Amino acid sequence: MNGLNYDGFDNIHLIGIEGLEKSLITKLLERAAFFNSQKRNKKNEILKDYLVINLFFENSTRTKASFEIAAKSMSADILNIPVSTSSIKKGETLIDTASTLNAMHPDFLILRHPNSGAAEMLSKHVQCSIINAGDGRHEHPTQALLDAAVIKEKKGKLEGLKIAICGDILNSRVARSNIHLLITMGAIVNVIAPPTLMPVGIEKMGVNVFHDLNLGLKSADIIMILRLQNERMIGSETPSKREYYDLFGINEENIRLANKDVFIMHPGPMNRGVEIDSLLADNNERSLISAQVEMGVSVRMACLEMLKLSRDKIYK
Ligand code: NCD
């Protein structure tokens, strides 16, 4: 850790990728790659005597577990709040719950919430550091960072690569955070979705918009596949799963339109046979899905470390 600093970052919260400098993202990715190279055989003491609380109002397997493993690898104490059996079920508001937890002096609160803006709102009411683990359709910064770290590991760079993001862009915080990050880092981003699942005005983020899968996949270096997030849909944005697969499902056949050494990614959870063909999902030559899960821990370690350094400047 000697000499490690994240110049230009003086925030104690990580709410989104939007607004983060290229140099800061580069540093986080380097640090994540370093933690990843250690393969968890070296537990460190970076967060000894620090308390991390996981507060997840939506289901999660990967994100929650990887924050917990990251915290434990850094010798932090970690508490998982079981939302379904807590006072939240008795009608307590998010701010009241967070204030209660804040009074127990945690250093970090990892928040996942169905409302866009929940993490930002909470950060104004607590002294602990808030890490946004996904807020509605808004942002999921650690997912974008782990995706970028995996791409960098496999392709050696981000700049100039063509990344096709395909699926339910409208409801996806993963897409939004990835677009901010990839554009900042100089990648070319194609977004592919039916018109009903494409946010109006998304081209203002600097992406190329496609409603035709075959055109959008052309010469892509990476294909990021997104789940249909039915829980966030308001009306009937999609045809049947079968029709969706026929028009937008990614399989061994249509990836031939991309570059011959294309990799596919998926943040999980996957719906096999809807947005991705099962054979392709299991094709280890093409799929980076396991690498994404592995990198998730390392990226979260890097983010915790960065915020710890900012906190220490203020509180220690
Ligand atoms: C994503 C999420 O929750 O936004 N999952 C994840 O964090 N790995 C994507 C999704 O739920 O489809």
Side-chain angles (χ1 to χ4, degrees), residues 16-17 58-63 112 114 116 133-148 150-151 162-183 187 189-200 202-203 205 207-217 220-234 237-251 254-255 258 262-278 280-281 286-293 295-296:
I17 298 292
E58 282 185 347
N59 296 341
S60 169
T61 308
R62 279 151 281 263
T63 308
R112 169 166 288 188
S116 303
D135 62 329
R137 299 167 169 162
H138 176 227
E139 281 231 36
H140 190 350
T142 55
Q143 179 70 43
L145 286 161
L146 77 88
D147 289 342
V150 169
I151 298 173
K162 189 187 271 187
I163 320 282
I165 307 180
C166 180
D168 182 1
I169 313 279
L170 179 69
N171 294 299
S172 177
R173 52 200 178 204
V174 174
R176 217 165 312 280
S177 288
N178 261 303
I179 293 169
H180 283 304
L181 187 148
L182 293 166
I183 296 289
V189 181
N190 288 358
V191 288
I192 312 165
T196 47
L197 293 177
M198 189 72 85
V200 175
I202 193 168
E203 58 286 343
M205 293 181 81
V207 298
N208 308 310
V209 177
F210 293 90
H211 300 302
D212 178 322
L213 179 67
N214 294 349
L215 294 178
L217 291 183
D221 298 294
I222 299 282
I223 305 169
M224 287 184 176
I225 306 163
L226 301 172
R227 182 176 68 90
L228 289 178
Q229 289 156 90
N230 294 303
E231 72 275 22
R232 280 186 241 293
M233 292 185 193
I234 301 154
E237 285 92 332
T238 46
S240 71
K241 287 180 178 168
R242 176 85 232 162
E243 273 176 286
Y244 180 83
Y245 179 78
D246 287 345
L247 288 170
F248 291 96
I250 306 290
N251 54 42
N254 53 33
I255 64 165
V262 68
F263 286 115
I264 60 130
M265 303 176 79
H266 194 305
M270 256 187 303
N271 286 319
R272 291 168 183 260
V274 182
E275 72 269 8
I276 185 169
D277 173 58
S278 204
L280 179 61
R286 292 274 171 227
S287 166
L288 301 181
I289 297 170
S290 300
Q292 287 173 273
V293 176
M295 189 62 87

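Keep in mind it's a predicted model, so treat the numbers as computed, not measured. Residue numbers count from 1 along this sequence.
- Between the side chains of Asn271 and Arg227, no donor-acceptor pair is found at a separation under 3.5 Å.
- Between Leu170 and Thr196 the shortest heavy-atom distance is CD2-O, 3.6 Å.
- Rounded to the nearest 0.5 Å, atoms CG (Asp147) and CE (Met295) are 10.5 Å apart.
- With sequence neighbours left out, His180 forms a side-chain hydrogen bond (donor to acceptor under 3.5 Å, both in side chains) with no residue at all.
- Looking at Asn190, its side chain does come within 3.5 Å of a backbone N or O of Gly216 through a donor-acceptor pair.
- Salt bridge status for Glu58 with Arg232: present, with a side-chain N to carboxylate O gap under 4.0 Å.
- Residues Val274 and Leu228 have side chains in contact (heavy-atom distance under 4.5 Å, counting atoms from C-beta outward).
- Rounded to the nearest 0.5 Å, atoms CD (Glu275) and CG (Leu226) are 8.0 Å apart.
- Tested against Ile264 for a side chain to side chain contact (heavy atoms under 4.5 Å, CB included), the candidates Leu288, Ile255, Asn251 yield a single pass: Ile255.
- Taking 4.5 Å as the limit, every side-chain heavy atom of Pro194 sits out of range of all side-chain heavy atoms of His211.
- In terms of heavy atoms, Ala281 sits closest to Arg272 at CB-NH1, 4.1 Å.
- Between Glu231 and Arg137, none of the side-chain N atoms (NZ, or NE/NH1/NH2) sits under 4.0 Å from a carboxylate O, so this pair counts as no salt bridge.
- Closest non-hydrogen pair, Ala175 versus Ile165, comes out as CB-CG2, 4.3 Å.
- Side-chain contact check for Ile192 versus Leu217: some heavy-atom pair is nearer than 4.5 Å.
- Evaluation of the ring-ring contact (aromatic ring centres under 6.0 Å, His included) rule for Phe263 yields no partner, not counting sequence neighbours.
- Note that the CG atom of Asn254 and the CZ atom of Phe248 stand 11.0 Å from one another [nearest 0.5 Å].
- Contact between Cys166 and Leu213 at its shortest, heavy atoms only, is SG-CD1, 3.6 Å.
- Arg176 places a side-chain heavy atom less than 4.5 Å from the side chain of Met205.
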Step by step, work out the side-chain contact (heavy atoms from CB on, under 4.5 Å) result for Leu145 and Leu181. CA-CA 8 Å; Leu145 286 161; Leu181 187 148; 3.7 Å; yes
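- Distance check: Ser177 OG to Leu146 CG gives 10.5 Å after rounding to the nearest 0.5 Å.
- No side-chain heavy atom of Val262 sits under 4.5 Å from any side-chain heavy atom of Lys162.
- With rounding to the nearest 0.5 Å, the separation of CD1 in Ile222 from CD1 in Ile151 is 4.5 Å.
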Under the criterion side-chain contact (heavy atoms from CB on, under 4.5 Å), I'd like the reasoning laid out for Val191 against Val189: C-alpha separation, chi angles, the key distance, then a yes or no. CA-CA 6 Å; Val191 288; Val189 181; 4.3 Å; yes
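- In terms of heavy-atom proximity, Ala220 sits nearest to Ala164 at CB-CB, 4.0 Å.
- Between His140 and Ser172 the shortest side-chain heavy-atom distance does not fall below 4.5 Å.
- Remark: Asp246 pairs with Arg242 by the salt bridge (charged side-chain N to carboxylate O under 4.0 Å, His left out) rule, at least two apart or across chains.
- At a cut-off of 3.5 Å, with distance as the only test, no side-chain donor of Gln292 or His266 sits close to an acceptor on the other residue.
- Closest of all the heavy-atom pairs between Asn171 and Gln229 is O-OE1, 3.2 Å.
- Taking the side chain as every heavy atom from C-beta outward, Ile169 and Pro199 approach each other to under 4.5 Å.
- Remark: the backbone N or O of Ile17 is paired with a side-chain donor or acceptor of Glu139 at under 3.5 angstrom.
- In this structure, CG in Leu280 is found 9.5 Å from CE in Met270, a value given to the nearest 0.5 Å.
- Annotation: side chain of Ile225 is not in contact with side chain of Met265 (no heavy-atom distance under 4.5 Å).
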